[in-house]
Chemist: 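Have a look at this one before I ask anything.
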Amino acid sequence: MPKKRSGGGLTTTQQAAKFLGVAALSGAVLAGIALPAAGALGLAAKGTVEGFDEIPSNLKTPPLSQRTTIQDRDGGTIATVYSRDRTVVPLEDISPHMQAAIIAIEDSRFYEHGAVDLKGILRAMNRNVQAGGAAQGASTLTQQYVKNVFVEEAGDDPEKVAEATQQTLGRKVRELKYAIQVEEELGKKKILENYLNITFFGQQAYGVEAASQRYFSKHAKDLELEEAALLAGLVQSPSRYDPVNDSEEATKRRNIVLARMAAVKTISQAEADKAMETPIKLKVSRPKNGCITAVSGSGFFCDYVRKTILTDPAFGKTDEDRAKLWNLGGLTIRTTLDPRAQKAANEAATARVNKDDKFAASVVQVQPGSGKILSMGQSRPYGLDQKQNETVLNLAVSNKMGGSTYGFQVGSTFKPFTAAAALEKGISPATTFSTDWKMTLKERDFRNCTGSPAGYADWALQNELESEKGTWDMTSALGKSINTYFALLEQKAGLCETVEMAKKVGYERGDGKKVGEYPSITLGGEVSTPLSMAGAYAAFANRGTYCTPIAIESIKDPQGKKISVPKTSCSRAMSEKTADTINQMLKGVVEDGTGTQAGLSDRDNAGKTGTTNDRKDAWFVGYTPNLSTAVWVGDDVGEKSSMFGVTIGGQYYDKVCGGCLPGPIWRIAMTGALDATETPGFNPVAVPRGKEKKEKDEEEGNRDRDRGRDEDRDDAKPGDDGNRFPGIELPDGVVGGPGGGGGRGQNGP
């Protein structure tokens, strides 16, 4: 039951009169007829109407949409995002001038009447009769507040907004009923505070704090008299009295407010006169909203955080629930972004690939052992202006999270997964295979995870150069990225085991579909994303334990209460010995293999190059014990083009390879992100070697490396139609690289 007044409460007759008064007033407001005396007297009294439903809690403390602040791991602001720019502040943080001004112009008898102002209604009725129309309103601040709550709840839905503002008897009755109860339960001070925080002041500013920042670049508590009067005048018509666009109209309206303040003796006439003579002095702060304003090129990371909240069930069971949380805002989101790493990734992505090049670069970094995403950088800036080569397509992530349609074929960066699967099965690194430079295998000799043959066709594959024939062990085959070796190793280790190993380290397709179980997967015929690859290689750095990538450390709601966030999930993908062995073998790739241009000289590091069929995608994925980085370069729009005879970043490439472009980009990103004083090493392990026989001498091999060849792929030339290796590529015009990856072709590193 609603509270009664002290002294015994209202009589039954008074209660009935009050209830009738609500209906009578509603009709009077709409029809403009005389107000029944009984109803007027009932409504003029403060208090509630016994028998009415209890007031909804959201009218007492409505959830107001506010700014959300996205921070890096150190607490620095990355970006602010909001559906409505608002910062809720307590009444004590609002200038007394502002409080006095809004009361004087909107409801000068605010502290003298209840939810409804009888004198104000009679005055308005008299004025309207004289004017022959609606010349003056009589809504109290409390009534306006209740109406604003309904509008706030409607959000940006036009139909709901129309419903919240429609001039109907039902809406007026409901509004008046709640206004009466709000008066009793909140009190004047709290109503005034809520009103000043919910009201729209124009220029995308909701609430007095945002308005004060927008027009004067100061806090609401610091507003001077003439500034407060200007803001109070905006409430009636924010567009008409906008001081940014019409200073003359804004000045007239401000002076009306000042005159009204003097008339109700809030200020003296002398104070009003002095303030009226003061020209409007704006210091406008333009709104900075959304990931487009993110610092240090972190717009793509910012957008990934947004997508995480909108898609992860941890933030709401339904899409609608998660969207409501995001749009309501007021959150403080502490992310995993490392400012140093982000700066390095952004500089690396733009160092060798220009934003207006036909091809783009993506750099993403993950911390081994924690799964924390430390950076996301791209050669094209984040934004919507295509004329400035901006894009919102996040090349590092899956389609669901704002990335390309499918992801990109990973080339020979997949080969370490095959090697890990073989080691887990007990196959020695000293295992050798002797092959010609090209070979044909039977798909039926590979079994998928159902135990069925992977296919019934012939699988033709080859190495980069005709000279690459002979005998290799696992270490040299990784270093030179010998396709024929890894086809035979996959056959020995098992196709299903290879695919399952990839899944254990987080390898996923960019379109979310099931990873294909085809022999060509060992050569990178499947698609994935840079984030997936960085996370997968982080498992090697973490001695075999894979941790799911995360971007959010913590979230606090507007009241400072913590919201539960998804944590990384770590699981053992392979034994420590297997990971240690892979680390030692991949060290050879950067020391004297295909990744020599990427290698770091001051610390243990390892990695793998990758270049796909026809050089449409080029990769370098590598790591130290404390940082894993994936770099992708390729065509990001429309039909994917081959990177033969191209100029990228002002440098001409006869043919782009994983070691000659993504590799140096990786080196820049790693060098900038890593602390020179922290140089942990890999766990040393002896890797057995097999006896090798190669038909080309070392001089030939050195010449090959010097001219930037990439041993991870076939020797396709410009103009090849790719029909020798069918099933690898996407249909023309599809964004994001080859699709199915389930063909019989071959790819490189």
Chemist: In the structure I gave you, are the side-chain heavy atoms of Thr594 and Val589 within less than 4.5 Å of one another anywhere?
Modeler: yes
Chemist: Decide side-chain contact (heavy atoms from CB on, under 4.5 Å) for Glu424 and Ser575; before the verdict, give the C-alpha distance in whole Å, the side-chain angles of both, and the deciding distance to 0.1 Å.
Modeler: CA-CA 7 Å; Glu424 286 291 285; Ser575 69; 3.1 Å; yes
Chemist: Ignoring hydrogens and geometry, is there a side-chain-to-backbone donor-acceptor pair from Glu517 to Ala454 under 3.5 Å?
Modeler: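 Flag not set: sc Glu517 to bb Ala454 has no pair under 3.5 Å.
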Chemist: Whether the side chain of Thr612 engages the backbone of Asp617 through a donor-acceptor N/O pair (distance < 3.5 Å, no angle test) should be reported.
Modeler: yes
Chemist: Go through the steps for Glu500 and Lys504 under the test salt bridge (Lys or Arg N to Asp or Glu O under 4.0 Å), then give the verdict.
Modeler: CA-CA 6 Å; Glu500 288 303 310; Lys504 287 180 181 179; over 6 Å; no
Chemist: Are Tyr507 and Phe414 an aromatic pair, judged by ring center distance below 6.0 Å?
Modeler: yes
Chemist: Decide yes or no for Ile373 and Tyr304: does some side-chain heavy atom of the first lie under 4.5 Å from some side-chain heavy atom of the second?
Modeler: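 Result yes, sub-4.5 Å side-chain heavy-atom pair found.
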Chemist: Report, as yes or no, whether the 6.0 Å neighbourhood of atom CZ on Arg444 holds more than 12 heavy atoms from other residues, nucleotides or ligands.
Modeler: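 No, the 6.0 Å shell around CZ holds no more than 12 heavy atoms from other groups.
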Chemist: For residues Pro339 and Asp72, report the shortest heavy-atom separation together with the two atoms involved.
Modeler: CG-OD2, 3.2 Å
Chemist: Any side-chain heavy atom of Glu526 sitting closer than 4.5 Å to one from Gln409?
Modeler: no
Chemist: For side chain to side chain donor-acceptor pair (under 3.5 Å), just list the numbers for Ser296 and Ser298, CA-CA rounded to whole Å, side-chain angles, deciding distance to a tenth of an Å, and then say yes or no.
Modeler: CA-CA 5 Å; Ser296 300; Ser298 58; over 6 Å; no
Chemist: Pair Asn542, Cys547 - check side-chain contact (heavy atoms from CB on, under 4.5 Å), show working.
Modeler: CA-CA 9 Å; Asn542 194 35; Cys547 298; 4.2 Å; yes
Chemist: Does any N or O in the side chain of Asp458 come within less than 3.5 Å of the main-chain N or O of Thr440, such that one atom is a donor and the other an acceptor?
Modeler: no
Chemist: Do the non-hydrogen side-chain atoms of Lys608 and Val621 ever get within less than 4.5 Å of each other?
Modeler: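 Lys608 vs Val621: side chains apart.
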Chemist: For Thr431 and Ser428, indicate whether the former's side chain and the latter's backbone hold a donor-acceptor pair under 3.5 Å.
Modeler: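 Yes, because the side chain of Thr431 sits within donor-acceptor range (under 3.5 Å) of the backbone of Ser428.
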Chemist: Testing the 3.5 Å rule here: is there a donor-acceptor pair between the side chains of Thr522 and Thr418?
Modeler: yes
Chemist: After noting the C-alpha distance and the side-chain angles of Asp635 and Ser641, does the key distance pass the side chain to side chain donor-acceptor pair (under 3.5 Å) rule?
Modeler: CA-CA 6 Å; Asp635 193 344; Ser641 300; 3.3 Å; yes
Chemist: Could you walk me through whether Lys358 and Ile648 pass the side-chain contact (heavy atoms from CB on, under 4.5 Å) test, one step at a time?
Modeler: CA-CA 8 Å; Lys358 179 175 179 57; Ile648 302 176; over 6 Å; no
Chemist: Rounded to the nearest 0.5 Å, what's the gap from OG1 on Thr335 to NZ on Lys372? Could you check?
Modeler: 10.5 Å
Chemist: So which atom in Phe417 and which in Met501 form the shortest heavy-atom distance, rounded to 0.1 Å?
Modeler: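 Where Phe417 meets Met501 most closely, the heavy atoms are O-CG, 3.5 Å.
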Chemist: Quick check against the 3.5 Å criterion: does Asn583 have a side-chain atom that pairs as donor or acceptor with the backbone of Phe540?
Modeler: yes
Chemist: Step by step, work out the salt bridge (Lys or Arg N to Asp or Glu O under 4.0 Å) result for Lys655 and Glu464.
Modeler: CA-CA 13 Å; Lys655 52 182 179 180; Glu464 167 82 353; 3.6 Å; yes
Chemist: Between Thr581 and Gln584, does any side-chain donor sit less than 3.5 Å from a side-chain acceptor?
Modeler: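 On atom types as modelled, these side chains do not qualify, holding no pair under 3.5 Å.
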Chemist: Test side-chain contact (heavy atoms from CB on, under 4.5 Å) on Thr413 and Thr609; report intermediate values, then the result.
Modeler: CA-CA 6 Å; Thr413 57; Thr609 54; over 6 Å; no
Chemist: Would you indicate whether the side-chain heavy atoms of Phe408 and Thr529 approach each other to under 4.5 Å?
Modeler: no
Chemist: Please tell me if the side chains of Pro416 and Tyr537 come closer than 4.5 Å, counting only heavy atoms from C-beta onward.
Modeler: yes
Chemist: Among Val590, Leu674, Thr629, which one satisfies side chain to side chain contact (heavy atoms under 4.5 Å, CB included) with Asn605?
Modeler: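 Checked Val590, Leu674, Thr629 against Asn605; only one passes side chain to side chain contact (heavy atoms under 4.5 Å, CB included): Val590.
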Chemist: Looking at every heavy atom in both Ala344 and Ala669, which two are closest together, and how far apart are they?
Modeler: CB-O, 3.5 Å
Chemist: Return the CG to CZ distance between Asn354 and Arg380, rounded to the nearest 0.5 Å.
Modeler: 10.0 Å
Chemist: Does a donor on one side chain and an acceptor on the other come within less than 3.5 Å for Thr677 and Asp675?
Modeler: yes
Chemist: Contact between Val410 and Met533 at the side-chain level, heavy atoms closer than 4.5 Å - yes or no?
Modeler: yes
Chemist: When you check the gap from the basic side-chain N to the acidic O, do Lys640 and Asp614 get nearer than 4.0 Å?
Modeler: no
Chemist: After noting the C-alpha distance and the side-chain angles of Ser642 and Arg615, does the key distance pass the side chain to side chain donor-acceptor pair (under 3.5 Å) rule?
Modeler: CA-CA 5 Å; Ser642 298; Arg615 300 184 185 269; over 6 Å; no
Chemist: Measuring from Tyr485:OH to Lys492:NZ, what's the distance to the nearest 0.5 Å?
Modeler: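 Going from OH on Tyr485 over to NZ on Lys492, the span is 9.5 Å.
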Chemist: Of all heavy-atom pairs between Arg340 and Ala676, which one has the smallest distance, and what is that distance?
Modeler: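 Residues Arg340 and Ala676, closest heavy atoms: NH2-N, 4.3 Å.
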Chemist: With distance as the sole criterion, is a donor-acceptor pair present between the side chains of Thr484 and Asn463 under 3.5 Å?
Modeler: yes
Chemist: Before giving the answer on ring-ring contact (aromatic ring centres under 6.0 Å, His included), spell out for Tyr623 and Phe682 the whole-Å C-alpha distance, their side-chain angles and the decisive distance to 0.1 Å.
Modeler: CA-CA 10 Å; Tyr623 54 95; Phe682 294 127; 5.6 Å; yes
Chemist: Main chain of Leu627, side chain of Thr624: is a donor-acceptor contact present, judged purely on distance under 3.5 Å?
Modeler: yes
Chemist: Report the C-alpha separation of Asn683 and Asp580 in whole Å, then their side-chain angles, then the decisive distance to 0.1 Å, and conclude whether the side chain to side chain donor-acceptor pair (under 3.5 Å) test is met.
Modeler: CA-CA 6 Å; Asn683 188 56; Asp580 292 341; 2.8 Å; yes
Chemist: Between Gly506 and Ser532, what is the shortest heavy-atom contact and its length?
Modeler: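 Scanning both residues completely, I find the closest heavy atoms to be O-OG, 2.9 Å.
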Chemist: How far does CZ of Phe301 sit from CE of Met376, to the nearest 0.5 angstrom?
Modeler: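 Rounded to the nearest 0.5 Å, the CZ-CE separation comes out at 6.5 Å.
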Chemist: With a 3.5 Å distance limit and no angle check, can you tell me whether Thr311 reaches the backbone of Lys307 through a side-chain donor-acceptor pair?
Modeler: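 Such a contact is found between Thr311 side chain and Lys307 backbone.
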Chemist: Would you kindly say whether Lys415 and Asn483 are connected by a side-chain donor-acceptor distance under 3.5 Å?
Modeler: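 Checked: Lys415/Asn483 side chains pair up, N/O donor to acceptor below 3.5 Å.
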Chemist: Counting distance only, does the side-chain N/O of Arg603 pair as donor-acceptor with the main-chain N or O of Glu678 below 3.5 Å?
Modeler: yes
Chemist: Rounded to the nearest 0.5 Å, what's the gap from OH on Tyr518 to CH2 on Trp459? Could you check?
Modeler: 14.0 Å
Chemist: Does Lys425 have more than 12 heavy atoms from other residues, nucleotides or ligands lying within 6.0 Å of its NZ?
Modeler: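 Enclosed.
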Chemist: Flag the pair Val515 / Glu508 as yes when at least one side-chain heavy-atom distance between them is below 4.5 Å, and no otherwise.
Modeler: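 No; the side chains remain at least 4.5 Å from each other.
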Chemist: Does Asp511 use its side chain to pair, donor to acceptor, with the backbone of Lys513 at less than 3.5 Å?
Modeler: yes
Chemist: Quick one: do the Ser375 and Gln365 side chains pair a donor with an acceptor below 3.5 Å?
Modeler: yes
Chemist: Enter the distance from Ile552:CD1 to Thr336:OG1 here, rounded to the nearest 0.5 Å.
Modeler: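 Rounded to the nearest 0.5 Å, the CD1-OG1 separation comes to 8.5 Å.
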Chemist: Where do Gly690 and Asp473 come nearest, in terms of heavy atoms and distance?
Modeler: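 So the minimum-distance heavy-atom pair works out to N-OD2, 3.0 Å.
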Chemist: Quick check on the 6.0 Å ring-centre criterion: do Phe359 and Tyr653 meet it?
Modeler: no
